[in-house]
Number of protein chains: 2
Amino acid sequence: MIPRKISVAKKKTPQEDGTTEEKIKQAARKVFIRKGFAATRTRDIAEEAGLNLALLNYYFRSKEKLFDLIMLENMQQFMLGMKDIFNNESSTLNVKVIDFVANYINLLKSQPDLPLFILHELKANPQKFVENVGVKKVLFESHFFKQINEATKGKIDSFQLVINMMALTVFPFIACPLLKSIGNLKQNQFDELMEERKVMIPRWINSMLKIK
Amino acid sequence: MIPRKISVAKKKTPQEDGTTEEKIKQAARKVFIRKGFAATRTRDIAEEAGLNLALLNYYFRSKEKLFDLIMLENMQQFMLGMKDIFNNESSTLNVKVIDFVANYINLLKSQPDLPLFILHELKANPQKFVENVGVKKVLFESHFFKQINEATKGKIDSFQLVINMMALTVFPFIACPLLKSIGNLKQNQFDELMEERKVMIPRWINSMLKIK
DNA sequence: AACTATTTTAATCAAATGATTAAAATAATC
DNA sequence: GATTATTTTAATCATTTGATTAAAATAGTT
């Protein structure tokens with residue numbers, strides 16, 4: 001009697017491969033970010049993915065569940081990028097500002113719609129998403145926060161300064177169509193304007209830190 | 001034969017009175033600003049106004065036409081407030097910054113959702129609204145722009161400085177739910193934070209102007 | 001190769017939505 | 001007061017949307 005040969009091939013499940021599921025997620029990310037939740041139809045996502053409409057419910061059960069997943073991933077991407085920068089104990093305050101600004105401008109140049117999407121959906125549904133961010137701890141216990149306090153001797157509220165960094169870095173992307181119109185800018189000119197801001201924002205922040 | 005007495009009473013048309021029409025507009029403004037175009041149903045507006053659903057089509061023909069009207073009014077309100085401030089030839093650059101910041105923070109404290117609404121809908125449909133703003137002329141031909149150029153001797157791009165003023169003033173309202181969460185702020189604390197910014201933003205702008 | 005499990009498909013469904021309709025109500029005119 | 005014009009109403013409609021269904025196709029297992 002010959003012993004059965006036992007197959008050691010791992011069970012292959014499409015969920016682990018993530019081919020169809022991943023396609024849907026990528027398409028959903030694109031369309032949700034571009035149009036927002038309310039204006040996005042499940043059919044839009046299916047078309048973007050080149051897949052059958054019913055697969056969205058098969059894999060994610062509902063439009064809303066798919067959206068929640070995408071939204072949380074996006075928020076993590078947007079917010080937690082600060083973590084390494086703010087907690088790098090070997091960099092100065094000024095280098096942290098430079099890194100923050102460069103990091104976010106580069107990120108947003110490749111995904112210019114991300115902040116407006118996040119902030120719009122956040123306002124539509126604040127309770128649902130805000131508590132999952134985890135950036136409170138990142139920020140208030142960071143090396144960066146300490147550095148601001150030391151540099152300003154409490155003259156400037158550290159939180160206000162962080163707001164300023166975010167405002168100066170992120171707002172142009174949020175207001176992009178308006179600024180382009182006001183300034184008569186093509187897209188490449190807007191890109192140049194943001195490159196210039198990469199250099200200038202750390203200088204502006206530094207000048208704020210120097211106020212007597 | 002007695003001459004007919006001619007009635008001089010002006011024809012009263014509800015459109016001129018604007019009672020029902022005005023109610024619909026006010027309700028539409030509220031709901032559109034709160035939920036955006038896509039997430040707002042005509043039934044929401046009718047309920048907000050306490051009127052029958054069919055009146056929206058009777059008076060405004062379509063949801064979209066009603067929205068376009070509201071959007072344009074909102075953009076005018078938001079953008080053209082700059083006009084008087086920027087063209088006041090008897091005020092200094094610094095006073096203009098103070099007036100701009102105070103004016104907009106006061107406006108946005110009473111209508112905190114306005115900027116996010118405008119910028120979100122602007123991105124959804126840039127061609128439709130941007131050309132109607134008229135702020136390009138207001139800004140680039142303003143006394144204020146001249147003052148910046150003189151004060152900085154071209155060291156800072158004037159447009160970049162205006163972006164900074166807008167960013168520092170408007171962004172906290174756009175990001176309000178996020179900032180409240182991060183900073184653990186109640187609404188009255190957020191309001192205080194914005195009052196503090198009324199004072200600090202002109203100082204921050206001034207420090208930028210002084211960069212060598 | 002046969003059987004079972006999973007994925008995909010196209011049709012269909014139930015509910016929601018912006019819009020229309022026709023009648024009732026109200027206002028205006030003479 | 002009778003007639004006409006306008007506004008309002010509630011029902012209805014046509015279309016759209018997220019979701020479901022059942023069968024076909026494909027993949028996995030023995």
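Chain naming here is simple, since letters A, B, ... match the order of the sequence lines and numbering starts at 1 in each.
- Rounded to an integer number of Å, the gap from A:Phe37 CZ to D:dT17 C1' is 12 Å.
- What separates CD1 of B:Ile45 from P of C:dA16 is a distance of 19 Å, to the nearest Å.
- Side-chain contact, B:Gln26 with B:Glu22: a donor N or O sits under 3.5 Å from an acceptor N or O.
- Following rounding to the nearest Å, A:Asp44 (CG) and D:dT17 (C1') show an atom-to-atom distance of 11 Å.
- Using a cutoff of 4.0 Å between basic side-chain nitrogens and carboxylate oxygens, B:Lys128 and B:Glu121 are not scored as salt-bridged.
- A:Phe159 has its ring centre less than 6.0 Å from the ring centre of A:Phe140.
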Every protein N/O lying under 3.5 Å from an N/O of nucleotides 9-14 of chain C:
| from | atom 1 | to | atom 2 | distance (Å) |
| --- | --- | --- | --- | --- |
| C:dA10 | N7 | A:Asn52 | ND2 | 3.3 |

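- Rounded to an integer number of Å, the gap from CG of A:Asn57 to C1' of D:dA22 is 15 Å.
- Look at B:Thr20 and you'll find a side-chain N or O under 4.0 angstrom from OP1 or OP2 of D:dT8.
- Here the closest heavy-atom approach between residue A:Lys198 and residue A:Asn106 is recorded as NZ-OD1, 2.7 Å.
- Applying the 4.0 Å criterion to OP1 and OP2 of D:dT17, one finds that A:Thr42 has every side-chain N and O outside that range.
- Here D:dT20 presents its P atom at 16 Å from CZ of A:Phe60, a figure rounded to the nearest Å.
- Between the C1' atom of C:dA16 and the CZ atom of A:Arg41 lies a distance of 15 Å, rounded to the nearest Å.
- Checked for salt-bridge contact, A:Asp44 and A:Arg41 meet the test: a charged N lies under 4.0 Å from a carboxylate O.
- Not a single salt bridge (charged side-chain N to carboxylate O under 4.0 Å, His left out) links B:Glu47 to another residue, sequence neighbours left out.
- Of the side-chain N and O atoms in B:Tyr59, one or more sit less than 4.0 angstrom from OP1 or OP2 of D:dT8.
- Taking atom NZ on B:Lys23 and atom C1' on D:dT8, their separation rounds to 12 Å, with Å as the unit.
- Residues B:Phe117 and B:Phe32 keep their aromatic ring centres 6.0 Å or farther apart.
- The interatomic distance linking B:Leu66 (CG) with C:dG18 (P) rounds to 11 Å, in whole Å.
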